[in-house]
J.: 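Got a structure for you, written out below as structure tokens; questions coming shortly.
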Amino acid sequence: MSSYPAIRPRRSRATAWSRRLHAENVLTPADLIWPLFVTGRQGVEEPIASLPGVSRWSLDGIVARGREARDLGIPCIALFPNTPAHLRSEDGAEALNADNLMCRAIRALKDAVPEVGVLTDVALDPYTTHGHDGLVDAAGYVVNDATADLLVRQALVQAEAGADIVAPSDMMDGRIGMIRDALEDGGHANVQIMSYAAKYASAFYGPFRDAVGSRGLLKSDKKTYQMDPANAEEALREVALDLAEGADSVMVKPGLPYLDIVAMVKQRFEVPVFAYQVSGEYAMIEAAVAVGAGDRDALVLETLMAFKRAGCSGVLTYHAAHAARLLGA
Ligand SMILES: NCc1[nH]cc(CCC(=O)O)c1CC(=O)O
Ligand SMILES: [Mg+2]
């Protein structure tokens with residue numbers, strides 16, 4: 001009798017071909033959604049200081065990124081507008097303008113690269129003077145039902161412009177069912193809803209707020225509508241509601257710190273789950289790379305694979321183009 005271990009898990013790890021053969025998950029460019037920021041200025045690329053390597057693009061740049069996504073095998077782009085100050089208001093009415101920056105970007109992309117999906121953010125924060133995702137009452141509370149009415153109209157305007165997936169990121173109660181009804185009635189039966197179902201009030205959104213220009217505007221925080229990071233059961237209730245109301249897929253946000261939520265949602269509901277590796281997560285990786293604490297390519301691919309392992313169908317990530325290049329589309 002030998003004293004050696006009878007079972008050696010290391011055996012299957014001994015060679016590269018065998019590791020590939022035994023891999024339980026694969027990451028491909030088809031798993032990626034690329035968030036892009038749009039500026040109304042013409043012919044410019046505006047770098048975002050807190051998001052090194054990410055820029056706001058004018059419409060021509062957005063179209064160029066759309067072609068790049070297509071060539072890299074990235075199936076979908078998510079759009080976020082930086083609305084100029086003079087078009088922001090208390091009620092975010094610019095969100096309903098069929099010729100706003102978001103709609104112009106949707107049309108430009110769908111004209112130039114119709115084979116790439118366009119996902120749009122449904123929420124008022126890029127359009128309000130107070131930086132909140134909805135209407136604020138005299139006491140400073142973000143009111144639910146009046147906001148949801150506006151979000152329905154915003155989603156319809158985006159669908160009319162050609163959005164393939166509308167993604168409400170506002171966390172108002174009941175808006176998924178209302179938007180679904182409106183899309184059906186409006187002749188947009190095939191426009192998908194990806195609900196930001198479990199979106200947490202997170203400290204990881206800072207660079208995004210710089211990118212859309214809402215950081216300096218935001219008074220207080222979003223804790224009365226976004227979720228408490230302490231809660232997991234509540235995420236399951238939120239997901240159940242959005243699915244019952246007609247969401248085609250659900251999102252968990254932020255990403256890496258909330259992979260437990262991703263795994264729970266996937267196991268419980270068996271529906272397409274997406275995660276948003278948000279701006280602060282991107283910035284953390286870039287900061288680590290800048291001080292020599294890690295290798296960018298390895299960090300990017302490892303974190304994205306972690307989302308797949310947890311059960312994600314796909315990941316919104318600012319590293320999408322870089323990752324797709326590494327994956328050799
Ligand atoms: N509707 C707002 C919205 N949509 C996506 C993000 C954050 C994305 C990121 O940080 O990358 C936010 C920020 C917020 O809720 O304040
Ligand atoms: Mg909800």
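Every number for a ligand or one of its atoms is a count from 1 in the order of the listing.
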J.: Which residue and atom name correspond to the protein heavy atom nearest atom 10 (O) of ligand 1, and how close is it?
T.: Ser279 OG, 2.7 Å
J.: Look only at interatomic distance and state if Lys199 has a nitrogen or oxygen under 3.5 Å from any nitrogen or oxygen of ligand 1.
T.: yes
J.: Do Arg107 and Asp99 meet the salt-bridge criterion of a basic N to acidic O distance under 4.0 Å?
T.: yes
J.: Starting from atom 14 (C) of ligand 1, find the nearest protein heavy-atom neighbour and note its residue, name and distance.
T.: Lys222 NZ, 3.3 Å
J.: Of Ile48, Ile62, Val38, which is the lone residue that meets side-chain contact (heavy atoms from CB on, under 4.5 Å) with Arg56?
T.: Ile48
J.: Where's the contact between Val278 and ligand 1, heavy-atom distance under 4.0 Å: side chain, backbone, both or neither?
T.: both
J.: How is the N/O/S atom of Glu238 that comes nearest to the Mg ion (ligand 2) named?
T.: OE1
J.: Backbone N or O of His132 within a donor-acceptor pair of the His130 side chain at under 3.5 Å?
T.: yes
J.: Tell me: protein heavy atom nearest atom 4 (N) of ligand 1, and distance?
T.: Lys253 NZ, 3.3 Å
J.: Taking 4.0 angstrom as the limit and counting only heavy atoms of Ala123, give me the atoms of ligand 1 inside it, by number and element.
T.: 1 (N)
J.: Measure from NZ or CZ of Lys199 to the centre of the six-membered ring of Tyr196 and say whether it is under 6.0 Å with the direction within 45° of the ring axis.
T.: yes
J.: Closest non-hydrogen protein atom to atom 2 (C) of ligand 1, residue and atom name please, with distance?
T.: Asp125 OD2, 2.9 Å
J.: At less than 4.0 angstrom from any non-hydrogen atom of Gln226, what atoms of ligand 1 do you find?
T.: 14 (C), 15 (O)
J.: Would Glu281 count as a contact residue for ligand 1, given that I'm defining contact as a non-hydrogen atom of the residue lying under 4.0 Å from a ligand atom?
T.: no
J.: Please tell me whether Asp210 and Ser50 have a donor and an acceptor in their side chains that are separated by less than 3.5 angstrom.
T.: yes
J.: Checking a contact table here: which protein heavy atom is nearest atom 8 (C) of ligand 1, and how many Å away?
T.: Phe208 CD1, 3.3 Å
J.: Can you see whether His188 engages Gln158 through a side-chain donor-acceptor pair at a distance of less than 3.5 angstrom?
T.: no
J.: Heavy-atom contacts under 4.0 Å between Asp121 and ligand 1: side chain, backbone, both, or neither?
T.: side chain
J.: Taking 4.0 angstrom as the limit and counting only heavy atoms of Arg209, give me the atoms of ligand 1 inside it, by number and element.
T.: 14 (C), 16 (O)
J.: Given 3.5 Å as the limit, does a donor-acceptor pair link the side chain of Asp125 with the main chain of Gly131, or not?
T.: no
J.: Quick one: look up the protein heavy atom nearest atom 1 (N) of ligand 1 and list residue, atom name and how far away it is.
T.: Ser169 OG, 2.7 Å
J.: Within the 3.5 Å criterion, strictly below it, is a donor on Gln226 or Ser202 matched to an acceptor on the partner's side chain?
T.: no
J.: Report yes or no: does Tyr318 have a heavy atom closer than 4.0 Å to ligand 1?
T.: yes
J.: Could you walk me through whether Glu245 and Arg180 satisfy the salt bridge (charged side-chain N to carboxylate O under 4.0 Å, His left out) test, starting with their C-alpha distance in whole Å, then the side-chain angles of each, then the deciding distance to 0.1 Å, before giving a yes or no?
T.: CA-CA 8 Å; Glu245 291 177 29; Arg180 187 69 265 162; over 6 Å; no
J.: Are Ser55 and Glu45 linked by a side-chain donor-acceptor pair shorter than 3.5 Å?
T.: yes
